[in-house]
Structures are given as C-alpha cells and as structure tokens.
Amino acid sequence: MKIKYETPIVEMQGDEMTRVIWDMIKDILIDPYVEINTEYYDLGLKNRDLTDDKVTYEAAEAIKRYGVGVKCATITPNAQRVEEYSLKAMWPSPNGTIRAALDGTVFRAPIMVKGITPYIPSWTKPITIARHAYGDVYKNSELAVNGNADCYITVKYEDGNVEEKKIASIDGRGIIQGIHNLDKSIYSFARSCFNYALDSALDVWFGAKDTISKTYDHRFKDIFWEVFEKEYKDKFDASGIKYEYSLIDDSVARVIRSNGGFIWALKNYDGDVMSDMVATAYGSLAMMTSVLVSPDGKYEYEAAHGTVTRHYYKYLNGEQTSTNPVATIFAWTGALRRRGITENNKKLIAFSDKLEKASVKTIESGIMTGDLAAIFKRKDVDVKKVNTKDFLTKVSGLLK
C-alpha cells in the first residue's frame, strides 16, 4: 500500500539530462512506494519561453502557498542558448527568480560516502554553505562606457533629496556595474543562518570583506552581529555552538585547515563560487544537497548542479549515459521529508530516510555512476560502473 500525504508538493521539472533523470527517479524510486501528490510546473526552457517566463513566477507563488517545493536543474540561457532554442529573450535564472520571491537562504552540504575521500583529507565532516539568495551581481545594473566619461552612483529619495558619488573617470572605453542589497533581506539571511544552526547544532562562520567594502560588506557584518547579540546569543550558549565573523580571505584559509562540521555563511556571489569549490573538493557536484529556506519557513529543494548537457546530447543520439542522479534523489527525499514533518507523517519521513540510505549504500557496495567510479577508493570493494537507470534499479532493490 502506497504512502499518502495531504498537502501537495510544488514540482518543478527542468531541462536536458536532469529532466530525463527526473522522470526515471519518479518511476523507479518514488511512485512504487508513495502516492505522489504535486502541483506541477514545467520550468523547461521551451515552456519558460512560451509563457514569457510567467511559469517561473507562478511556481514561486505556489511554494509560498504550499510551503514545500522540489526543483529539477534548469538552463539559464546565454547568447548561444538563445540561438539554440530560438528564444524570445535571454530569460533570467529560474533559481534567482525563486530565491528573490521567497527571500530565502540557500543551504548546501555534501553527501558523505565511505570510499570517497575529499580532496582535502582533513574534511571529515560536511561543510554546509549558507548562501544569501538576494542581490549582488544577480540583480546588477551595468553599462559599457564607449568614450571619455565621468561615472557616478546617484540616489534620488522620495522627498527630492539626491546623493551622488563618483565611481571613476574613464579614459576611452570601459565598463561599470551597480549592485545593491536590502537591510530586510540581510536580516532574513542572518536569522535563517542562526535558526538553521540551532536546528542542526552547528557553529556559524560568516565571511565578508568589510575592510575594503566599508559600506556594503560592513552592513552585512553589522546586521549579523546585531541579530546574533539581541536574538540568538543566549540560545547559542545554551546549545554549545558559536558564531564568528572573519574576513573572507582569512575565512577561506581557516576552512581549508578545518575538519568541517560547521555552517559557512556567505554573500550571494561568494556563496555561489564557494559552494562549487566545496562540492568539488568533497568529490562531486552531483553529491551535494541544496535547500532554499525562507524566513517564514518555506522550503525548496533542488539539485545543486547543472543540466548535464554533454550527457543529454549522447542520450539524444541513443547512447547509454552514466549520469549521477544522487543530488536529484536527495532533492526529492528532502521535499518528501519536509512534507512528512509538516503533517507529522512518520511513514513518509521514514521512507525518505530509507531512500537516502539505500542510495549511499548502493555506492558503498561498489555500484555507481562514472563520475564516482573515477574517485572511489576502497580496497575491500570492487567498483562496477553502471548507467543511470541501472543505478536507480539497484537502489530500488535495496529499498525493497
């Protein structure tokens, strides 16, 4: 008898190879055991173009209504993709749109497997990246300067007052960029990090560059400290965890020398770069969990990697592919577990736990996709590289 739950999960299907794997995971690992109840949105690039990207905003609003979403990897088009897909426009990142709508924080952590040693051997515990999900270069304004010019930042207030500051005098040709952030969003970021730390019993390290960015980054530093001192210090003391701020360059050095086991809070772009670095250092981008958490407790789970374009072209040519589906499996288990928690559905929570364990045990038994076979090192286990479908079938066998 299949496990049931009441409130729909927002399902957002994406692009290319991950779109294909999405259906495989549902057919092989979820549908046989769970009566899937979702509100479906097609965030594939063709449908985003057909709807003028309205479907992405509709999906974000649905997450606000239902509280839990699960998202497939999607394409953020560049000029080459616009031509390839004959798009009307260079549509923005769906992840960026959803993050801005929910005003959430992205938490990413590696999936640890016996036999895959991080490239930094001292990292014996997961490092969770907490990435601010608003502003910075993802909401920038930029201009190409095509001649001698003086460039300024100008702020016009509602009361008519104007503030202006010179950026630079450009001699000839150059480029300028303006970025922004909001106090409201930074407060939400800080609270999300501290709440997540309390839930997971982990220290928080926050890194920025306030010595150089004496206004922008310093505002982040000040707000984090204010929120911690006023709202969380006593709770952290009672839980035996700590909050620390350091310059991001110092922070990077400390992280490399650490054993892991903490939350590393970073601004939007910093978090984007460092989460890829951490994922790769632990072994594979396809072995990374990712969840967007809003300040009011809405959750959106996704795979942290891209759409695996190279494998998709092989798939279209009828070739077998060995694409790692683990991050997408964990996106589904994260969403199902969260729905189970919201409805006190112990069977659904237990199923999510078992599916994650079965996925890890399958790899630890020596059966894995090609990316992991190249880095798996255990003398007591014979490695067998399999295609994606066969890997999912082996996981299902363990579930049964």
Side-chain angles (χ1 to χ4, degrees), residues 11-28 40-51 53 55-56 59 70-99 106 108 110-111 131 137-138 269 272-273 275-290 292 300-332 368-375 385-392:
E11 177 185 354
M12 296 158 282
Q13 195 163 11
D15 289 294
E16 297 187 325
M17 200 63 219
T18 48
R19 185 182 183 92
V20 176
I21 291 171
W22 190 265
D23 289 332
M24 288 185 188
I25 290 170
K26 289 174 65 178
D27 292 344
I28 298 172
Y40 177 84
Y41 293 87
D42 184 355
L43 298 193
L45 189 52
K46 291 180 180 178
N47 193 50
R48 279 186 275 143
D49 192 63
L50 182 67
T51 63
D53 206 31
V55 65
T56 308
V70 58
K71 180 182 170 296
C72 181
T74 47
I75 295 170
T76 300
N78 56 15
Q80 181 264 323
R81 293 293 202 171
V82 170
E83 182 178 350
E84 178 185 354
Y85 281 86
S86 301
L87 302 178
K88 302 172 191 172
M90 199 179 297
W91 303 111
S93 161
N95 290 344
T97 297
I98 294 168
R99 288 166 190 161
V106 179
R108 289 181 175 173
I111 300 163
R131 174 186 170 187
V137 297
Y138 303 90
Y269 179 72
D272 190 0
V273 175
S275 64
D276 282 354
M277 183 273 288
V278 168
T280 303
Y282 273 101
S284 171
L285 284 168
M287 298 292 288
M288 196 84 167
T289 64
S290 182
L292 175 71
E300 184 240 22
Y301 297 83
E302 62 181 351
H305 56 74
T307 58
V308 201
T309 306
R310 181 172 58 86
H311 285 195
Y312 182 59
Y313 292 147
K314 287 185 176 181
Y315 169 81
L316 292 178
N317 288 329
E319 298 178 41
Q320 291 283 351
T321 64
S322 186
T323 314
N324 190 334
V326 173
T328 307
I329 294 171
F330 274 62
W332 270 103
M368 63 197 74
T369 49
D371 61 321
L372 300 184
I375 60 175
K385 175 185 169 181
V386 295
N387 64 42
T388 306
K389 187 175 181 179
D390 286 349
F391 175 81
L392 294 174

- Message: Contact between Ser86 and Asp49 at the side-chain level, heavy atoms closer than 4.5 Å - yes or no?
- Response: no
- Quick one: does Ile329's side chain get under 4.5 Å of Leu392's, heavy atoms only? yes
- Query: Taking Gln13 for the side chain and Arg19 for the main chain, is one N or O donor matched with an acceptor at less than 3.5 Å?
  - Reply: yes
- Does the side chain of Phe330 come within less than 4.5 Å of Tyr301's, by heavy atoms? no
- Report the distance from atom CG of Leu50 to atom NZ of Lys88, rounding to the nearest 0.5 Å. 6.0 Å
- Message: Among Val106, Val70, Ile98, exactly one meets side chain to side chain contact (heavy atoms under 4.5 Å, CB included) together with Glu300. Which residue is that?
- Response: Ile98
- Asn95 and Ser93 side chains, donor-acceptor separation under 3.5 Å: no
- Task: Could you tell me the separation between the CG atom of Asp42 and the CD atom of Glu11, rounded to the nearest 0.5 Å?
- Result: 10.0 Å
- Task: List the steps and the verdict of salt bridge (Lys or Arg N to Asp or Glu O under 4.0 Å) for Arg108 and Asp272.
- Result: CA-CA 10 Å; Arg108 289 181 175 173; Asp272 190 0; 5.0 Å; no
- Message: Please check this pair: side chain of Thr388 against backbone of Thr323, looking for a donor-acceptor N/O pair closer than 3.5 Å.
- Response: yes
- Pairwise distance CG(Asn324) to OG1(Thr18) - rounded to 0.5 angstrom: 12.5 Å
- Can you tell me which residue pairs pass the salt bridge (charged side-chain N to carboxylate O under 4.0 Å, His left out) test with a partner in residues 309-325, sequence neighbours excluded? none
- Give the minimum heavy-atom separation between Pro94 and Arg48, together with the two atoms involved. CG-NH1, 3.2 Å
- Query: Closest heavy-atom contact between Met288 and Ala279?
  - Reply: SD-CB, 3.5 Å
- Message: Just verifying a value: how many Å separate Thr307 OG1 and Ile21 CD1, rounded to the nearest 0.5 Å?
- Response: 10.5 Å
- Query: Minimum heavy-atom separation for Tyr312 to Glu16, with atom names?
  - Reply: CD1-C, 3.4 Å
- Other residues, nucleotides, ligands: >12 heavy atoms within 6.0 Å of Gln320 CD: no
- Item | Lys46 NZ: over 12 foreign heavy atoms closer than 6.0 Å | no
- Item | Any donor-acceptor pair under 3.5 Å from Lys71 side chain to Met12 backbone | no
- Item | Closest contact, heavy atoms only, Trp91 versus Pro77 | O-CD, 3.2 Å
- Where Tyr315 and Met17 come nearest, the two heavy atoms and their spacing: CB-SD, 3.7 Å
- Any Lys/Arg nitrogen of Asp15 or Arg81 sitting under 4.0 Å from an Asp/Glu carboxylate oxygen of the other? no
- Query: Sequence neighbours excluded, which residues qualify as salt bridge (charged side-chain N to carboxylate O under 4.0 Å, His left out) partners of Lys385?
  - Reply: none
- Item | Nearest-0.5 Å distance that lies between atom OG in Ser322 and atom NE2 in His311 | 7.0 Å
- Which atoms form the tightest heavy-atom contact between Pro92 and Thr97, and what is the distance? CG-OG1, 4.1 Å
- Could you tell me the separation between the OG1 atom of Thr289 and the CD1 atom of Ile111, rounded to the nearest 0.5 Å? 6.0 Å
